[in-house]
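Heads up, the thing below is written out as structure tokens.
Note that the structure is a prediction, hence the values are computed from the model and not measured. Residue numbers count from 1 along this sequence. Read the numbers this way: they start at 1 and go in the same order the structure lists the ligands and their atoms.
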Amino acid sequence: MAGFGLELDDEQKAVRDWIHGFAADVMRPAAAEWDEREEFPWPVVQEAAKIGLYSLDFYAKQFFDPTGLGIPVAIEELFWGDAGLGLAITGTGLAAVGVLTNGTDEQIGTWIPQMYGDPDDVKVAAFCSSEPDAGSDVSAMRTRAAYDEAKDEWVLNGTKTWATNGGIANVHVVVAVVEPGLGARGHASFIIPPGTEGLSQGQKFKKHGIRASHTAEVVLDGVRVPGHCLLGGKEKLDERLARAREGKKKGGERGGNAAMATFEASRPAVAAQAVGIARAAYEIALDYATTRVQFGRPIIDNQGVAFQLADMRTRIDAARLLVWRASAMAATGKPFTSAEGSMSKLYAGETAKTVTAQAMQILGGNGYTREYPVERMHRDAAIYTIFEGTSEIQRLVIARAVSGVQVR
Ligand SMILES: Cc1cc2nc3c(=O)[nH]c(=O)nc-3n(C[C@H](O)[C@H](O)[C@H](O)COP(=O)(O)OP(=O)(O)OC[C@H]3O[C@@H](n4cnc5c(N)ncnc54)[C@H](O)[C@@H]3O)c2cc1C
């Protein structure tokens, strides 16, 4: 892992501090309001766009940081600010990664800029894989994409669910079945360009946490897209399907199927979100424990409280190390032979849930009220053991990778 180090360079520190300033000055003061409103926070995303924080240029620069730490460091700071707003700012990234990992250079150049728009006309994008009957089990997907050779068009029909930015996105990336007999290997990803007829938003979900992030169903009713909207192109798809038909395995290679390639690449970044939330809650709890006096002494004087804080900090640092390792491996082209990306997501997600619960406990009654942000952080953290693969699915992936056994 040449180049891996725990010390950030001056440029990385400057980016971290710049985002921290935005998180502290813009996101934190706005977080409770958008959580209550449960609406997409366009003004906050616009502010991020105005300073270049919500932009293709910024994410591309962090994505291609050769150490791999650009993205996790930036994301941890944003989610330290607030998870709901953080997801509103970074949610487009999942669709962008979907195009980056599966698309041709031309598709990358055409569609990713349209996902972000520009500071005067901000846009978002959505990545739509999950369906009502296909959550953890992506092979149960039903949305069909049929090729109309005469017109060189793909026709998509089906219902996607849980799509972050679904229906409000300028560009949707949709995973669909192109050859039903092949399970997850018979899937492909498609760009649905802005304004395409037949795509509509279904139910918008009212959620437990990350409420500023928009989550909705996306209905595809006879959606027709040009042939060039198939990510990676028809020739590559035909080759991949032929290989799958012959039963040739792609092993642990990236790109086994379109959705999995996207999740594989995005897991450490999602784990970094969880680290940011956990750190925010821990800092508030530490501060509270040193100032709250009971029995004539600050509550941190009690081992029962201080040891909890010690455990919280240890878990957060361990989670960050797993995230940085996976990110550095991805940047240097090392395959996740032991599912290191999943390890980072599993541990960081569980850490966010545990640490925010501990923080709430340390704040006592105050922790349970909306007067203190820890209550919101605890609700926000709960999603991190569910989306981008539940904790159980991460364990399944890790167990299979380390054992070679198709554990069920
Ligand atoms: C707020 C939010 C945002 C989301 N954003 C997106 C998005 O942008 N795009 C997208 O495509 N999807 C998105 N999702 C979907 C998310 O990835 C799924 O919810 C997740 O993969 C779990 O699927 P499910 O909800 O159908 O649960 P299920 O798969 O039904 O799982 C239910 C329970 O069973 C367990 N389980 C299932 N199978 C196994 C097994 N083999 N072994 C052990 N346990 C098992 C699970 O771990 C879980 O505890 C989002 C979801 C939410 C809630």
Side-chain angles (χ1 to χ4, degrees), residues 35 38 40 79 83-99 101-102 115 124-143 158-169 171-177 183-184 187-190 192 201-220 257-267 269-271 273-274 277 342 345-346 349-350 352-353 379-400 405-408:
D35 174 59
E38 217 164 342
F40 189 84
F79 283 73
L85 298 175
L87 207 59
I89 293 170
T90 59
T92 295
L94 189 59
V97 168
V99 176
T101 47
N102 299 301
M115 293 181 172
V124 294
F127 180 78
C128 314
S129 171
S130 302
E131 295 182 4
D133 293 323
S136 301
D137 181 10
V138 287
S139 67
M141 192 177 287
R142 286 192 199 150
T143 297
T159 300
K160 294 292 176 182
T161 193
W162 308 123
T164 300
N165 297 339
I168 62 165
V171 177
H172 291 77
V173 175
V174 171
V175 186
V177 178
H187 296 174
S189 288
F190 297 86
I192 314 296
Q201 181 183 305
Q203 179 188 0
K204 180 192 167 186
F205 295 103
K206 289 179 88 69
K207 304 193 298 292
H208 176 64
I210 52 162
R211 300 199 301 185
S213 172
H214 172 98
T215 315
E217 286 179 334
V218 172
V219 180
L220 301 136
N257 77 61
M260 285 303 108
T262 303
F263 289 136
E264 189 71 16
S266 60
R267 270 175 190 156
V270 175
Q273 300 175 2
I277 301 169
S342 291
K345 162 68 171 59
L346 169 64
E350 294 289 339
K353 216 168 148 177
R379 284 187 285 109
D380 292 344
I383 192 61
Y384 288 88
T385 61
I386 297 174
F387 71 2
E388 289 274 320
T390 64
S391 286
E392 292 75 25
I393 294 303
Q394 307 301 340
R395 289 189 180 98
L396 198 68
V397 173
I398 298 163
R400 285 178 179 170
V405 175
Q406 275 303 299
V407 182
R408 289 175 357 123

>> Out of S136, S213, G91, who is nearest to atom 31 (O) of ligand 1 when you count heavy atoms only?
In response: S136

> Is ligand 1 under 4.0 Å from a heavy atom in the side chain of T164, in the backbone, in both, or in neither?
Replying inline: both

Can you sort out which atoms of ligand 1 are near [X], meaning under 4.0 Å from one of its heavy atoms?
X	answer
E388	17 (O)
I386	20 (C)
S129	10 (C), 11 (O)
K207	1 (C)
G135	23 (O), 24 (P), 26 (O), 29 (O)

Counting both backbone and side chain atoms, is some N or O of [X] under 3.5 Å from an N or O of ligand 1?
X	answer
T161	no
E392	yes
F127	yes

> Is a side-chain donor or acceptor of E131 paired with a backbone partner of M141 at a separation under 3.5 angstrom?
Replying inline: no

>> Under the criterion side chain to side chain contact (heavy atoms under 4.5 Å, CB included), I'd like the reasoning laid out for F79 against L87: C-alpha separation, chi angles, the key distance, then a yes or no.
In response: CA-CA 8 Å; F79 283 73; L87 207 59; 4.0 Å; yes

> Does the pair V99 and M115 meet the rule for a side chain to side chain contact (heavy atoms under 4.5 Å, CB included), with working shown?
Replying inline: CA-CA 11 Å; V99 176; M115 293 181 172; 3.5 Å; yes

>> For L94 and T164: C-alpha separation, side-chain torsions, deciding distance, then whether side chain to side chain contact (heavy atoms under 4.5 Å, CB included) applies.
In response: CA-CA 9 Å; L94 189 59; T164 300; over 6 Å; no

> Can you list the steps and then say if Q201 with H214 is a side chain to side chain contact (heavy atoms under 4.5 Å, CB included)?
Replying inline: CA-CA 11 Å; Q201 181 183 305; H214 172 98; 3.2 Å; yes

>> Could you tell me if E388 and S266 have a donor-acceptor pair between their side chains, going purely by distance under 3.5 Å?
In response: yes

